[in-house]
2 protein chains.
Amino acid sequence: MTPIAHGDDNSGAERSPEERLREHLKSRNLRITPERLTVLHGAMTQSGHFDAEELLEALRRSNRPVSRATLYRTLDHLAEAGLVKRHHFQEGHARFESNFNRAHHDHMVCERCGQVIEFVSEQIEALQEEICEQHGFRAHGHVHQIFGLCKDCQAEHS
Amino acid sequence: MTPIAHGDDNSGAERSPEERLREHLKSRNLRITPERLTVLHGAMTQSGHFDAEELLEALRRSNRPVSRATLYRTLDHLAEAGLVKRHHFQEGHARFESNFNRAHHDHMVCERCGQVIEFVSEQIEALQEEICEQHGFRAHGHVHQIFGLCKDCQAEHS
DNA sequence: CTGACTGCAAAATGTTTGCAGATTC
DNA sequence: GAATCTGCAAACATTTTGCAGTCAG
């Protein structure tokens with residue numbers, strides 16, 4: 001039974017993100033440009049989840065602005081290279097998350113205070129693999145988000 | 001151990017969708033209009049998942065056209081009333097699913113052809129409850145999507 | 001009658017694309 | 001030098017909103 005992927009593709013995590021991006025681009029005859037390295041660096045140093053607009057603004061603030069078009073085009077490459085994960089949650093737009101040297105995890109999100117609790121369950125992971133096998137489905141990743149009220153907000157809310 | 005909710009709110013599933021919508025609207029001093037009933041019936045008779053455009057077209061074809069604006073506004077009400085579920089898969093737009101007398105299930109989504117496979121695992125559900133309890137988290141629902149390649153697309157892609 | 005609803009068209013998002021000039025290899 | 005990039009602005013796709021007239025209660 002092959003371990004299920006999580007979109008991590010963290011094989012080769014010993015190499016730096018930059019090395020990995022360089023390699024990815026080279027292998028496709030794409031060019032290594034300052035803009036792409038800027039976006040990479042920005043994405044790697046964002047804390048937690050971020051969307052395109054947030055990253056754009058962060059780069060602008062750190063005086064290394066990049067055009068919206070280049071940002072979107074580069075995020076595609078980073079996702080393909082497995083350096084970021086792209087999520088489509090309940091919102092109408094994509095959110096990203098650095099995927100470098102980051103262990104797989106899922107999320108509980110408090111609907112009241114927005115707190116995010118990470119969780120991992122090997123048992124759930126194993127069950128997912130089983131289900132995929134049963135359907136001949138080759139998993140690339142998954143989103144598993146539980147939403148509700150965290151401990152604090154339950155107390156406060158009573 | 002309280003069973004985890006899935007955002008279904010399928011309590012009162014014995015009443016017809018129309019009764020449930022009427023009740024929902026009445027309780028908020030909203031009006032019961034032909035258009036809203038049309039959208040409701042359309043949504044209930046779509047097979048499987050559908051998006052706004054598909055429903056709009058279906059209603060048009062069955063000679064009960066509704067404006068795009070009304071469709072979107074009504075889908076919000078249906079979702080609030082728990083009569084449909086709104087999903088955000090890998091695409092940039094929402095897909096809906098009738099939630100009337102529908103048991104809880106999660107999804108595998110093919111990234112290539114968009115096919116959606118439903119799955120349920122009592123074991124995973126139970127593990128989720130456990131995890132929530134461990135964190136003192138009160139779950140209201142969850143999103144569990146596995147994305148990857150379906151059987152057909154794996155073959156075709158080889 | 002009054003406030004909510006509808007359709008329309010315009011606006012607002014979030015993302016993609018065509019193009020001309022700049023840049024990487 | 002050739003092919004790929006970048007930024008810009010325009011195009012797109014989806015969803016939301018303002019408004020004037022219509023309709024449910």
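To find a chain, count down the sequence lines: A is the first, B the second, and so on, and within it residues start at 1.
Atoms NE2 (B/His93) and C1' (D/dT14) sit 9 Å apart, rounded to a whole Å. Summarising the geometry, the separation between CZ on B/Arg95 and P on D/dT14 is reported as 11 Å, rounded to the nearest angstrom. The distance from atom NE2 of B/His88 to atom P of C/dT15 is 12 Å, rounded to the nearest whole Å.
With hydrogens and angles ignored, the 3.5 Å screen pairs a side-chain donor or acceptor of A/Gln154 with a backbone N or O of B/Gly136. Judged by distance alone, with hydrogens and angles left aside, the side-chain atoms of B/Gln46 form no donor-acceptor pair with the main-chain N or O of B/Ala43 at under 3.5 Å. Judged by distance alone, with hydrogens and angles left aside, the side-chain atoms of A/Arg31 form no donor-acceptor pair with the main-chain N or O of A/Lys26 at under 3.5 Å.
Between A/Tyr72 and the phosphate of C/dT15, there is a side-chain N or O to OP1/OP2 separation shorter than 4.0 Å.
Put simply, the side chain of B/Leu30 reaches to within 4.5 Å of the side chain of B/Arg36, judged on heavy atoms.
Other residues, nucleotides and ligands place no more than 12 heavy atoms under 6.0 Å from the CD atom of A/Gln123.
Rotation axes derived from the C1' atoms of the five outermost pairs at either end of the helix from C/dC1-D/dG25 to C/dC25-D/dG1 lie 40° apart, to the nearest 10°.
Of the charged side-chain nitrogens involved, at least one lies within less than 4.0 Å of a carboxylate oxygen, so that A/Glu118 and A/Arg102 count as a salt-bridged pair. Contact check on A/Glu23 versus A/Arg15 returns a salt bridge, with a Lys/Arg side-chain nitrogen under 4.0 Å from an Asp/Glu carboxylate oxygen.
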- Message: Across nucleotides 2-8 of chain C, 5' to 3', mark each nucleotide with B, S or - according to how protein heavy atoms within less than 4.0 Å reach it.
- Response: -BSSBBB
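Residue whose closest nucleotide on DNA chain D sits further toward the 5' end, between B/Phe96 and B/Arg22: B/Phe96.
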- Would B/Glu97 and B/His87 count as a side-chain hydrogen bond (donor to acceptor under 3.5 Å, both in side chains) if you check the C-alpha gap in whole Å, the side-chain angles of each, and the deciding distance to 0.1 Å? CA-CA 8 Å; B/Glu97 174 180 29; B/His87 297 292; 2.7 Å; yes
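If you look at A/His88 and B/His93, their ring centroids are not closer than 6.0 Å.
In this structure, B/His142 and B/His144 have perpendicular ring planes: the angle between them is above 60°, well past the 30° mark.
Annotation: proximity of residues 39-49 of chain B to DNA chain D (heavy atom, distance under 4.0 Å) is found for no residue.
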